[in-house]
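Residue numbers start from 1 in every chain, and the chains themselves are labelled A, B, ... in the order their sequence lines are given, proteins ahead of strands.
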Amino acid sequence: MLSGKKTVEALDRMEVMYPDARGELDYETPFQYLIAVILSAQATDVSVNKATPVLFKAYPTAEKLAAAPLESVMEKIKTIGLYRTKAKNIIKASQMLIDDFEGEVPKTIKEMMKLPGVGQKTANVVAGDLFGVPAIAVDTHLDRVSKRLRICKQSATVTEVEAALMKKIPKERWIQAHHTMILFGRYHCTARKPKCPDCPLLDLCAEGQQIMKKKIDLTK
DNA sequence: ATCCCGAGGG
DNA sequence: CCCTCTGGAT
């Protein structure tokens, strides 16, 4: 298992690679950010950014989206995928914002998770980015990167990955670490063809060294 | 554990 | 063709 000290060292090097990492979803209001993050589940932010301008032009506020016809919303977000579930979720979530949260995005992770389509990961992202609530949202990239670096064990659940990261990374760095690790995972430590030969973290990475060995063995 | 689910990359 | 994408609900 990678120590806390080496985990921070790994994070430092990732921040050199991605100095100004931040979310890449487009939005204009807190409400729109919440919706965009809900829509980004199992989808690329590129595909979300392609659909949301049309959606937010028609339904820019919780009031508008809460009253929107299901068919119309489905059609506008169809290209994102998982569109039936997501259309229902964002309409219902908008209705709940009006009915239960005075039309505002709730300020706590616990309250946000009452909204349909909002789980631990989405709530962490939104609370962190909108309200500065210290949190580390573990998505597919953080999960993969953490396991390859052995920051946590291979079998760790999302909650366990989150706990390991929170333990090993200073609290004031949690939110930035999330964005940095996303970009590192998205563009460098990719799921399929990770750029291990060109990785500044290779000496810290158990998986990377294993992958490199296999390549050498294959060429042999 | 399984379903949802289109777009893009390899 | 197959895999992956800032997951969540059942």
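Between A/L39 atom CG and B/dC5 atom P there is a gap of 14 Å when expressed in whole angstrom units. Rounded to whole Å, atom P of C/dA9 lies 10 Å from atom CE of A/M96. Between the NZ atom of A/K86 and the P atom of B/dC3 there is a distance of 18 Å, rounded to whole Å. As rounded to whole Å, 9 Å separates atom P of C/dT6 from atom CD of A/Q42. What separates NZ of A/K195 from P of B/dG10 is a distance of 8 Å, to the nearest Å. When rounded to the nearest whole Å, the span between CG of A/L82 and P of C/dC5 equals 14 Å. At whole-Å resolution of the value, NZ in A/K193 and P in B/dG9 are 14 Å apart. Rounded to a whole Å, the CG atom of A/L142 is 12 Å from the P atom of C/dT6.
Among the nucleotides C/dT6, C/dC3, B/dC5, the one closest to the side chain of A/T44 is C/dT6. When distances are taken from the side chain of A/T85 to each of C/dT6, B/dC4, C/dC5, the shortest belongs to B/dC4. When each of B/dG9, C/dT6, B/dG6 is scored by its nearest atom to the side-chain atoms of A/H179, the top-ranked nucleotide is C/dT6.
Regarding contacts with the backbone of C/dT6, a side-chain N or O of A/R186 is found under 4.0 angstrom from either OP1 or OP2. For the OP1/OP2 pair of C/dC5 and a distance below 4.0 Å, the side-chain nitrogens and oxygens of A/T140 include at least one atom meeting the criterion. Between A/K50 and B/dG8 there is a side-chain N or O to OP1 or OP2 distance below 4.0 Å. Applying the 4.0 Å criterion to OP1 and OP2 of B/dG6, one finds that A/S47 has every side-chain N and O outside that range. For the pair A/H141 and C/dC5, the criterion of a side-chain N or O lying under 4.0 Å from OP1 or OP2 is met. Distances shorter than 4.0 Å separate some side-chain N or O of A/R144 from OP1 or OP2 on C/dC5.
If you check distances only, the side chain of A/R84 never reaches the base of B/dC4 with a donor-acceptor pair under 3.5 Å.
The aromatic rings of A/Y33 and A/Y27 sit tilted, their planes meeting at an angle between 30° and 60°.
Backbone-only contact: A/L115 has heavy atoms under 4.0 Å from sugar-phosphate atoms and none from a base. Within the nucleic acid shown, A/G185 has no heavy atom closer than 4.0 Å to any nucleic acid atom. As judged by a 4.0 angstrom heavy-atom cut-off over every strand, A/G119 is placed among residues touching the sugar-phosphate backbone only. At the heavy-atom level, A/T122 lies under 4.0 Å from the strands shown only through sugar-phosphate atoms. Across all strands, A/Q120 comes closer than 4.0 Å only to sugar-phosphate atoms, never to a base (heavy-atom distances). Nucleic acid contact class of A/A191 (heavy atoms, under 4.0 Å, all strands): sugar-phosphate only.
Sequence order on DNA chain C of the closest nucleotides to A/D45 and A/N89 puts A/D45 first from the 5' end. In terms of position along DNA chain C, the nucleotide closest to A/R192 lies nearer the 5' end than the nucleotide closest to the other residue of the pair A/R192 and A/Y33.
Nearest heavy-atom pair across A/S146 and A/M181 is OG-CE, 3.7 Å. Of all heavy-atom pairs between A/L142 and A/H178, the closest is CD1-O, 3.8 Å.
A salt bridge between A/D12 and A/R173 is present, with a side-chain N of the basic residue lying under 4.0 Å from a carboxylate O of the acidic one. With salt bridges taken as basic N to acidic carboxylate O contacts below 4.0 Å, none links A/R148 and A/D143. Comment: A/K121 does not engage A/E162 in a salt bridge, judged by the lack of any side-chain N to carboxylate O separation of less than 4.0 angstrom. Using a 4.0 Å cut-off between charged side-chain N and carboxylate O, A/K107 and A/E111 make no salt bridge.
Taking the P atom of each, C/dG8 and B/dA7 are spaced 23 Å apart, rounded to whole Å. Nucleotides B/dA1 and C/dT6 are separated by 24 Å at their P atoms, to the nearest Å.
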